[in-house]
Asker: 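There's a structure below that I have some questions on.
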Amino acid sequence: MKTDIKLSGVGGQGILSIATVIGEAATRAGLHLKQAEVHGMSQRGGDVQSDLRLSTEEIHSDQIPLGGADLIVSMEPMEALRYLPWLAADGCVVTSSKPFVNIPDYPDRDALLAELDALPQVVRCDIEQEALALHAPKSANMVLLGMAARRLKILSPDDLRAAIRSVFFRKGEKVVEDNLKAFDCGYESVQ
Amino acid sequence: MTEKRLLLGDEAIALGALHAGLSGVYAYPGTPSTEITEFIQNDPAARADGVRSRWCTNEKTAMEAALGMSYAGKRALVCMKHVGMNVCADAFVNAAVTGVNGGLVVLAADDPSMHSSQNEQDSRFYGQFAMVPVLEPSDQQEAYDMMSYAFDLSERLREPVLVRIVTRLAHSRAAVAVGEGRAQNPLSPDRDPGRWVLLPAIARRQYAALVGKQEAFLAESLASPFNRLPAAVAPADLGVVAAGIGYNYVKETAPEGVPVLKVSQFPLPEAQVRALAAACRRILVVEDGQPFVETGVKGLLDARYPVLGRLTGDLPRTGELTPDNVAAAFGKRNIPAFAPAKHLAPRPPQLCQGCGHRDVYTALGKVLEGFPDARVFGDIGCYTLGALPPFRAIDSCVDMGASITMAKGAADAGVRPAIAVIGDSTFTHSGMTGLLDAVNDGSAITVILSDNLTTAMTGGQDSAGTHKFEAICLALGVAREHLHVVEPLPRNREEITRILREEIAYEGVSVIIPQRECMQTLRRKMRNQKKEEA
């Protein structure tokens, strides 16, 4: 069994924290894992992405092939669309629905969301709004992870909760609780 | 005892080096190599053992200091991005002629596809040029394992060893089985000036000795645990030579039963290449970077023997390997299920909101409105992003330090105004010598030394000249009245534009130092401060 995930977003939105939590959970579950990150130039408000590959068997390539991703998990709707050529035919897009506009020629929002909704499998939500409602504004990325967890058959939600505890342990109990709350909120919002 | 740790390729290199008994790492930050030195700087055991790890001014000072540590008998590591090899090439090539005492490993992190670079040169050619062994790990586990091996090899052969990685290995995480560390070497400086004083008579002897060692290097490659060919190769139409990370893409995409020669140590294991060629009608070479192995394989075989790779178009001539282009080389197409999205716009990186470079470019743009013939020579760093809209503020960016020297050459030719924009860390890396040239020549240039008190582009490492720039410029001979320090804030824009106007009019060297801390490092400091108070 294997799961290939394209994580995407804009530099500074916290996609690497999502990758770290999934990585920790996968390690605890004894899965093979490869996670290719983007560092350097592209972090300055540009598009960022990370390839995350989990498997019960050995993994060779650090990169996901075209048409191979089971999931696109994105902190930003246009950044989810950017990686469509990598999405498998039966793959699912899990994304924030709130555009992050830091470029002059950002596409028409309604048209963009319509294109997203036309995909066979898509789950979207205003994760920042959800995080605000939980009084955990910095945990929007964990709302997204909770949403993705529904489709992430290779890891159980308890694996992911344990990983959140251990990854954020050093930041204090409040941060851990906020992130767990956000994760559960995302998880419950998806059927 | 072994344990499994989730490590970036860079971190696996760092930990491997520490476990090999490293005494010092010498490096200048550069993507994708930066995290190696950072890991060593933050490792508690390395700190306790006094492993030397502070950033160097540039790759040449790093290489020479590492050679000095090796001379003293200890194990030293030098890390850099690929273009850093150009900067330290003098020291690197000559270190092969002197040879080493303690193990000396040089790590070059190449960036095929130029994710964060201005070219995609392949460092393996530098290894071949200097005639030293080259190692190229295929995955994170090998990256860790190879470091002990590399230091042992370096001490056994008494030569520097080059380890070459690529972005996709450097910045990809995987579980790595790690073992126990070994103690550092004791202090034992080399006592043989007959090796180290490269006067022509000695250098000729040393160079001949290096040439004489080549056969031993080849024997090491043939016996290397990192080079593998199946014991008996069954006759086949197509055989594969897979180098470094290329091996992973081959394992992922090659059809069942294709014979593969895995190569991770050079010089190229000639006998293994010939054995593969004897069993196969054609050979496909899969390697990341430039056609280094491909030309090597072609050189070993009959001119009519078909060798496929980047030179024949079976793999693209530029850009990094992907599972898709390697699959295509095997005649398989990875077909996307979905077409590219229609509602999509590029999102290039940009200068942070509140960044001092923004104020510098805004002021410069204002002043240059009146000078259509002005040329602005840029340099390497965050401020290179000033080339993009909305600023479109620089006309060139070539290599570390080239802003000052290119402005000088252009000014010498008659360009007015000729302006250089360079960051603080780039200035100490390679800008100071050029400024001395300009001062000595009285060239009419205006240098904007945009000082954000850090090496920002690579994530905020210490910058070698912080708090010393005025003193450095004065010492290089810049006139006091043409040296200005300003604070790049919107409220100071009038002062900055006035100074720029005056100095552009001056027919000589002026330096303006806009000085304000990087937003990213400032934010991090404030966060840490808050944490300490809590």
Side-chain angles (χ1 to χ4, degrees), chain A residues 10-12 19-20 23-24 26-27 32-47 51 58-68 76 78-91 100 102-109 111-116 119 171-172, chain B residues 4-6 8-9 31-32 34-35 111 115-117 139-140 167-175 245 247-253 320-324 326-327 333-353 382 384-385 389-390 457-459 531 534:
Chain A
V10 180
T20 307
E24 171 74 17
T27 309
H32 292 273
L33 166 85
K34 283 216 169 186
Q35 184 216 332
E37 300 174 355
V38 175
H39 300 198
M41 195 94 176
S42 22
Q43 285 177 313
R44 303 273 180 270
D47 57 282
D51 280 11
E58 193 184 353
I59 307 162
H60 299 292
S61 164
D62 298 86
Q63 295 181 69
I64 298 169
L66 286 167
E76 206 279 344
M78 184 177 78
E79 295 309 322
L81 289 178
R82 194 181 300 283
Y83 301 100
L84 283 189
W86 280 269
L87 187 65
D90 59 351
F100 182 91
N102 66 344
I103 47 171
D105 51 350
Y106 195 92
D108 181 84
R109 297 169 194 219
L112 186 154
L113 291 177
E115 183 169 12
L116 203 53
L119 294 170
K171 302 205 165 179
Chain B
K4 286 246 179 187
R5 286 183 63 175
L6 197 55
L8 284 179
T31 312
T34 312
E35 292 83 355
D111 190 20
H115 295 282
S116 207
S117 303
D139 62 14
Q140 292 79 357
T167 302
R168 291 295 175 180
L169 176 64
H171 285 173
S172 176
R173 235 175 258 282
I245 199 169
Y247 183 66
N248 292 340
Y249 299 115
V250 169
K251 291 270 275 186
E252 175 111 354
T253 55
E320 67 183 346
L321 294 177
T322 67
D324 309 308
V326 176
R333 273 195 65 199
N334 292 341
I335 301 165
F338 297 91
K342 287 196 269 306
H343 300 91
L344 203 54
R347 199 189 303 258
Q350 48 189 263
L351 290 169
C352 303
Q353 291 305 319
C382 288
T384 315
L385 296 172
M457 180 88 260
T458 44
K531 228 185 279 172

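Below, chains carry the letters A, B, ... as their sequence lines are ordered, and counting in each starts from 1. These figures come from a predicted structure and were not determined experimentally.
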Asker: Among Gln35(A), Lys34(A), Glu24(A), which residue forms the greatest number of heavy-atom pairs with chain B at distances under 4.5 Å?
Answerer: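 The option with the most such pairs is Gln35(A).
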Asker: Which bit of Ile245(B) is near chain A, if near means a heavy-atom gap under 4.5 Å: side chain, backbone, both or neither?
Answerer: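 Interface part for Ile245(B): side chain.
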Asker: Name the region of Gln353(B), side chain, backbone, both or neither, that has any atom closer than 4.5 Å to a heavy atom of chain A.
Answerer: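 Contact with chain A involves no heavy atom of Gln353(B) at all.
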Asker: Non-hydrogen atoms of chain B under 4.5 Å away: do they reach the side chain of Ile64(A), the backbone, both or neither?
Answerer: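 For Ile64(A), the backbone is the part near chain B, not the side chain.
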Asker: Chain A: which of Ser117(B), Ala327(B), Pro346(B) shares the most heavy-atom pairs with it under 4.5 Å?
Answerer: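 Among the listed options, the one with the most contacts to chain A is Pro346(B).
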Asker: With a 4.5 angstrom heavy-atom cut-off, is it the side chain or the backbone of Leu6(B) that approaches chain A, or both, or neither?
Answerer: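 Contact with chain A is through the side chain of Leu6(B) alone.
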Asker: Please flag which part of Ala88(A) lies under 4.5 Å from any non-hydrogen atom of chain B: side chain, backbone, both or neither.
Answerer: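 Contact with chain B involves the backbone of Ala88(A) alone.
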Asker: Salt bridge (charged side-chain N to carboxylate O under 4.0 Å, His left out) with Arg347(B): which residues, sequence neighbours excluded?
Answerer: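 Listed in chain order: Glu76(A), Glu79(A).
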Asker: Going by salt bridge (charged side-chain N to carboxylate O under 4.0 Å, His left out), name the residues that satisfy it together with Glu115(A), two or more places apart in sequence or in a different chain.
Answerer: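 With neighbours one apart ignored, the set is empty.
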Asker: If you count heavy-atom pairs under 4.5 Å between each of Pro85(A), Ala26(A), Gly67(A) and chain B, which one has the most?
Answerer: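 Greatest number of close heavy-atom pairs with chain B: Pro85(A).
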Asker: What part of Leu112(A) gets within 4.5 angstrom of chain B, counting heavy atoms only: side chain, backbone, both, or neither?
Answerer: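 Both backbone and side chain.
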Asker: Counting only heavy atoms closer than 4.5 Å, note whether Asp51(A) contacts chain B via side chain, backbone, both or neither.
Answerer: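 Contact with chain B: none, neither part.
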Asker: Using a 3.5 Å distance criterion without hydrogens, assess whether the side chain of Asn102(A) forms a donor-acceptor pair with backbone atoms of Gly45(A).
Answerer: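 At least one qualifying donor-acceptor pair exists.
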Asker: Does any backbone or side-chain atom of Pro32(B) lie under 4.5 Å from a heavy atom of chain A? Answer side chain, backbone, both or neither.
Answerer: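 Neither part.
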